[in-house]
Amino acid sequence: MKDVCILIPTLNEEGNIGYVIEGFLRQGFTNVFVIDGRSTDRTREIAERMGAKVVIQTGKGKGQAIREAFEMIDSDVVVIVDGDGSYMPEEVNRLLEPIRRGIADHVVGNRFANFEKGAFTRLNLFGNKVLNFFFRLVYGVELHDILSGYRALTKEVYKNVELRKPGFEVETELTVETIAKGFRILEVPITYRKRGGKTKLHPLKDGFKIGATIYGMLKRYSPGRYFYFIGLALVLSGILIGSYVVYDWFKNVTHYLLAILTALLIISGLQVIVFGMISDFLFRSNVELRKEIREIREEIERWKKTERGHREK
Ligand SMILES: Nc1nc2c(ncn2[C@@H]2O[C@H](COP(=O)(O)OP(=O)(O)O)[C@@H](O)[C@H]2O)c(=O)[nH]1
Ligand SMILES: [Mg+2]
């Protein structure tokens, strides 16, 4: 089996952390890394006593904690899991299986497959559905639980993703960075249970932040799309207002200001769309260029090696 590190971000999880670590130990996963956000309860003490490596994060937020932990870990595979007992350690092999078989670089546990009553609050369930729908709409990638806290990543992935946001946007960033960098992501069904203790997530505030992150990061995945949707929204609102102007014009009522607004919306919308085409073109040629450079670099490396071989003979 590959060398696996279990990464648990914690903030005041004394009631659950023991259960979570014990579950992984029982299955033979002894490399447990707890990154703590300065818990004021006994979380760190319990984790240390159970043999986990405990590090206090230097900054704030789950995102910052994970980014910091990624720098310190060096295992082949990292499994991220909440310290709140809502995910089952017994199911970890479902996440590892596709990586072992070499068919995925990043595996996400899909909580919608099987969730206990009360595991999601009503608002939480609704918010998750909306954000996942929004993600599929703008990215065109079929994923159903991008915000899951149970996932496995290969070293290639966790050493290459760029995480910039401090808080609960981290799952979105992990997902988008993975697909933007061309790694393979896969969802597997898991069980989601009611968490012990209170959540640190503020459903509305964090929900909006996550929504903004999903759209904002579209630039990294496909800059063209990022502009097309904005342009399309402008053109559509122009057409909507325009139809009203024309409809009233037939009844001999003229809306001058609305007519001007219509023209502005449609023209600026079209401009944004053209801008999207240009950035798509630039993005694509950039990707091509980088690929070519990488290939040339590899070629040079190979050449250097054979050259050295000749000299040694
Ligand atoms: N290190 C660290 N962990 C955090 C922080 N905020 C939340 N966590 C932990 O991250 C995990 C997910 O947070 P949780 O409150 O369960 O969010 P939810 O699963 O979306 O309800 C839990 O294990 C928390 O204890 C933080 O600021 N720093
Ligand atoms: Mg949780």
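Model, not experiment: these values are computed from the prediction. First listed ligand is number 1; within each ligand, the first listed atom is number 1.
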Colleague: Is it true that K200 and E13 have a side-chain N and a carboxylate O under 4.0 angstrom from each other?
Modeller: yes

Colleague: Can you sort out the partners of R38 under side-chain hydrogen bond (donor to acceptor under 3.5 Å, both in side chains), two or more places apart, ordered by chain and number?
Modeller: none

Colleague: Is there a side-chain contact between L143 and V108, using heavy atoms and a 4.5 Å cut-off?
Modeller: no

Colleague: Using the side-chain contact (heavy atoms from CB on, under 4.5 Å) definition, which of the options L174, V79, V107 pairs with L153?
Modeller: L174

Colleague: Given a threshold of 2.8 Å, state how many protein N/O/S atoms are nearer than that to the Mg ion (ligand 2).
Modeller: 2

Colleague: So, is the end of the K205 side chain (NZ or CZ) under 6.0 Å from the ring centre of F168 and within 45° of the ring's axis?
Modeller: no

Colleague: Is there a side-chain hydrogen bond (donor to acceptor under 3.5 Å, both in side chains) between E91 and T191 once you walk through the steps?
Modeller: CA-CA 8 Å; E91 293 181 348; T191 309; 2.5 Å; yes

Colleague: Got a sec, which residues hit side chain to side chain contact (heavy atoms under 4.5 Å, CB included) with P89, two or more places apart in sequence or on another chain?
Modeller: Y19, F24, Q27

Colleague: Are there any N/O pairs under 3.5 Å between ligand 1 and the protein, and if so, what are their distances?
Modeller:
{"residue": "ligand 1", "atom": "1 (N)", "partner": "T10", "partner atom": "O", "Å": "3.3"}
{"residue": "ligand 1", "atom": "1 (N)", "partner": "I35", "partner atom": "O", "Å": "3.1"}
{"residue": "ligand 1", "atom": "1 (N)", "partner": "G37", "partner atom": "N", "Å": "3.2"}
{"residue": "ligand 1", "atom": "1 (N)", "partner": "Q57", "partner atom": "OE1", "Å": "2.8"}
{"residue": "ligand 1", "atom": "3 (N)", "partner": "T10", "partner atom": "N", "Å": "3.4"}
{"residue": "ligand 1", "atom": "3 (N)", "partner": "T10", "partner atom": "O", "Å": "3.3"}
{"residue": "ligand 1", "atom": "15 (O)", "partner": "R195", "partner atom": "NH2", "Å": "3.1"}
{"residue": "ligand 1", "atom": "15 (O)", "partner": "T199", "partner atom": "OG1", "Å": "3.4"}
{"residue": "ligand 1", "atom": "15 (O)", "partner": "K200", "partner atom": "N", "Å": "2.8"}
{"residue": "ligand 1", "atom": "16 (O)", "partner": "D82", "partner atom": "OD2", "Å": "3.2"}
{"residue": "ligand 1", "atom": "16 (O)", "partner": "D84", "partner atom": "OD2", "Å": "2.8"}
{"residue": "ligand 1", "atom": "16 (O)", "partner": "R195", "partner atom": "NE", "Å": "3.3"}
{"residue": "ligand 1", "atom": "16 (O)", "partner": "R195", "partner atom": "NH2", "Å": "2.8"}
{"residue": "ligand 1", "atom": "19 (O)", "partner": "D82", "partner atom": "OD2", "Å": "2.9"}
{"residue": "ligand 1", "atom": "21 (O)", "partner": "T199", "partner atom": "OG1", "Å": "2.6"}
{"residue": "ligand 1", "atom": "23 (O)", "partner": "P9", "partner atom": "O", "Å": "2.8"}
{"residue": "ligand 1", "atom": "23 (O)", "partner": "G83", "partner atom": "N", "Å": "2.8"}
{"residue": "ligand 1", "atom": "25 (O)", "partner": "L11", "partner atom": "N", "Å": "2.9"}
{"residue": "ligand 1", "atom": "25 (O)", "partner": "E13", "partner atom": "OE2", "Å": "2.5"}
{"residue": "ligand 1", "atom": "27 (O)", "partner": "G61", "partner atom": "N", "Å": "3.1"}
{"residue": "ligand 1", "atom": "28 (N)", "partner": "Q57", "partner atom": "OE1", "Å": "2.6"}

Colleague: Using a 4.5 Å cut-off on heavy atoms from C-beta on, say whether the side chain of R100 contacts that of N93.
Modeller: yes

Colleague: For this output row, return yes or no: ring centroids of Y215 and Y226 closer than 6.0 angstrom.
Modeller: yes

